[in-house]
Participant: 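Pasting a structure here, questions to come.
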Amino acid sequence: MSLDTGHHDCTVDARTPGSHEPAGVRQPIPHDTLVTAGELLRALSAPIRIAIVLQLRESSRCVHELVGALGVTQPLISQHLRVLKTAGVVRGDRSGREVLYRLADDHLAHIVVDAVAHAQEPIAQETTLGTPEQEG
């Protein structure tokens with residue numbers, strides 16, 4: 001990805017399978033798209049919101065199920081769900097007196113799962129490589 005600091009656009013390889021564009025052709029990404037992506041990542045930045053997304057990846061849940069699974073208060077879960085809903089990460093479907101929350105789409109779960117996997121990589125490397133004292 002290249003970033004031209006003099007402009008509000010970034011460029012990436014925009015080819016998709018079946019594209020008729022030659023290899024290496026770069027298409028500018030509009031600034032508003034980058035802003036939206038930043039807002040999405042900001043909405044996913046809190047650990048409790050990551051935990052909520054991981055829960056909703058398994059199945060739709062209502063607030064009290066998330067409270068029980070994550071061990072935090074109902075007002076805190078509701079606050080974080082509001083942030084995720086505003087960012088378009090989750091959707092709420094009313095079922096009687098409760099609202100059943102689900103992920104808006106699978107792409108979001110992949111972002112979170114990949115981030116968690118990446119965060120765990122250094123831990124796995126340290127435990128398999130050992131410390132200098134152990135090697136010495």
Side-chain angles (χ1 to χ4, degrees):
M1 178 181 274
S2 64
L3 176 64
D4 181 357
T5 57
H7 296 84
H8 291 289
D9 293 335
C10 281
T11 57
V12 295
D13 190 345
R15 289 182 306 125
T16 55
S19 172
H20 297 290
E21 296 177 5
V25 171
R26 306 265 181 186
Q27 298 294 321
I29 298 175
H31 179 69
D32 60 335
T33 300
L34 298 174
V35 168
T36 301
E39 290 169 357
L40 171 64
L41 292 173
R42 196 169 17 264
L44 294 171
S45 69
I48 189 72
R49 293 194 288 265
I50 291 170
I52 289 170
V53 169
L54 292 173
Q55 287 291 313
L56 296 178
R57 178 176 169 251
E58 295 174 15
S59 66
S60 297
R61 308 275 168 98
C62 58
V63 172
H64 77 269
E65 290 173 317
L66 291 168
V67 166
L70 301 176
V72 296
T73 65
Q74 181 273 326
L76 186 60
I77 291 290
S78 294
Q79 176 186 0
H80 286 291
L81 282 169
R82 193 167 29 258
V83 171
L84 292 171
K85 191 172 181 183
T86 299
V89 175
V90 301
R91 298 190 196 285
D93 300 314
R94 184 157 297 280
S95 176
R97 295 180 58 200
E98 294 184 331
V99 177
L100 204 57
Y101 290 93
R102 62 181 170 83
L103 292 178
D105 67 50
D106 290 337
H107 291 106
L108 303 167
H110 291 293
I111 292 168
V112 171
V113 168
D114 287 348
V116 169
H118 179 75
Q120 291 176 329
E121 286 176 0
I123 295 169
Q125 289 174 355
E126 288 173 8
T127 58
T128 58
L129 295 177
T131 61
E133 299 83 36
Q134 292 171 331
E135 294 172 1

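Positions are given from 1, in the same order as the sequence printed here.
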Participant: Of all residues at least two apart in sequence or in a different chain, which pass the salt bridge (Lys or Arg N to Asp or Glu O under 4.0 Å) check with Asp93?
Facilitator: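 Asp93 satisfies salt bridge (Lys or Arg N to Asp or Glu O under 4.0 Å) with Arg102 only.
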Participant: For the CD1 atom of Ile50 and the NE2 atom of His80, what is their distance to the nearest 0.5 Å?
Facilitator: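 So the gap between those two atoms works out to 11.0 Å.
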Participant: Does anything in residues 46-65 pair up under salt bridge (charged side-chain N to carboxylate O under 4.0 Å, His left out), and if so which pairs, sequence neighbours excluded?
Facilitator: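 Counting only pairs at least two positions apart or across chains, the salt bridge (charged side-chain N to carboxylate O under 4.0 Å, His left out) contacts touching residues 46-65 are Glu58-Arg61.
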Participant: Could you go through residues 104-119 and list every donor-acceptor pair under 3.5 Å that involves a side-chain atom there, pairing it with any protein atom two or more places apart or in another chain?
Facilitator:
from   : atom 1 : to     : atom 2 : distance (Å)
Asp105 : OD1    : His107 : N      : 2.9
Asp105 : OD1    : Leu108 : N      : 3.3

Participant: Can Leu56 be reached from Leu100 by stepping across I, L, V, M, F, W or Y side chains whose heavy atoms are under 4.5 Å apart?
Facilitator: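 Each belongs to a different hydrophobic cluster.
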Participant: Minimum heavy-atom separation for Pro28 to Pro30, with atom names?
Facilitator: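 So the two residues come closest at O-CD, 3.7 Å.
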Participant: What donor-acceptor contacts under 3.5 angstrom involve side-chain atoms of residues 35-42, with partners at least two apart or in another chain?
Facilitator:
from  : atom 1 : to    : atom 2 : distance (Å)
Thr36 : OG1    : Asp32 : O      : 2.9

Participant: List in chain and number order the residues that pass side-chain contact (heavy atoms from CB on, under 4.5 Å) with Val63, two or more places apart in sequence or in another chain; answer none if no residue qualifies.
Facilitator: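 In terms of side-chain contact (heavy atoms from CB on, under 4.5 Å), with neighbours along the sequence ignored, Val63 is linked to Val67, Gln74, Ile77, Ser78, Leu81, Tyr101.
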Participant: Working to the nearest 0.5 angstrom, can you tell me the gap between Leu84 CG and Leu103 CG?
Facilitator: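 Those atoms lie 9.0 Å apart.
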Participant: Kindly give the heavy-atom pair with the smallest separation between Ala51 and Leu70, and that separation in Å.
Facilitator: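 Closest approach of Ala51 to Leu70: CB-CD2, 3.7 Å.
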Participant: Going by the rule side-chain contact (heavy atoms from CB on, under 4.5 Å), which residues pair with Ala43 if we only count those two or more places apart in sequence or in a different chain?
Facilitator: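 side-chain contact (heavy atoms from CB on, under 4.5 Å) list for Ala43, sorted by chain: Val83, Ala87.
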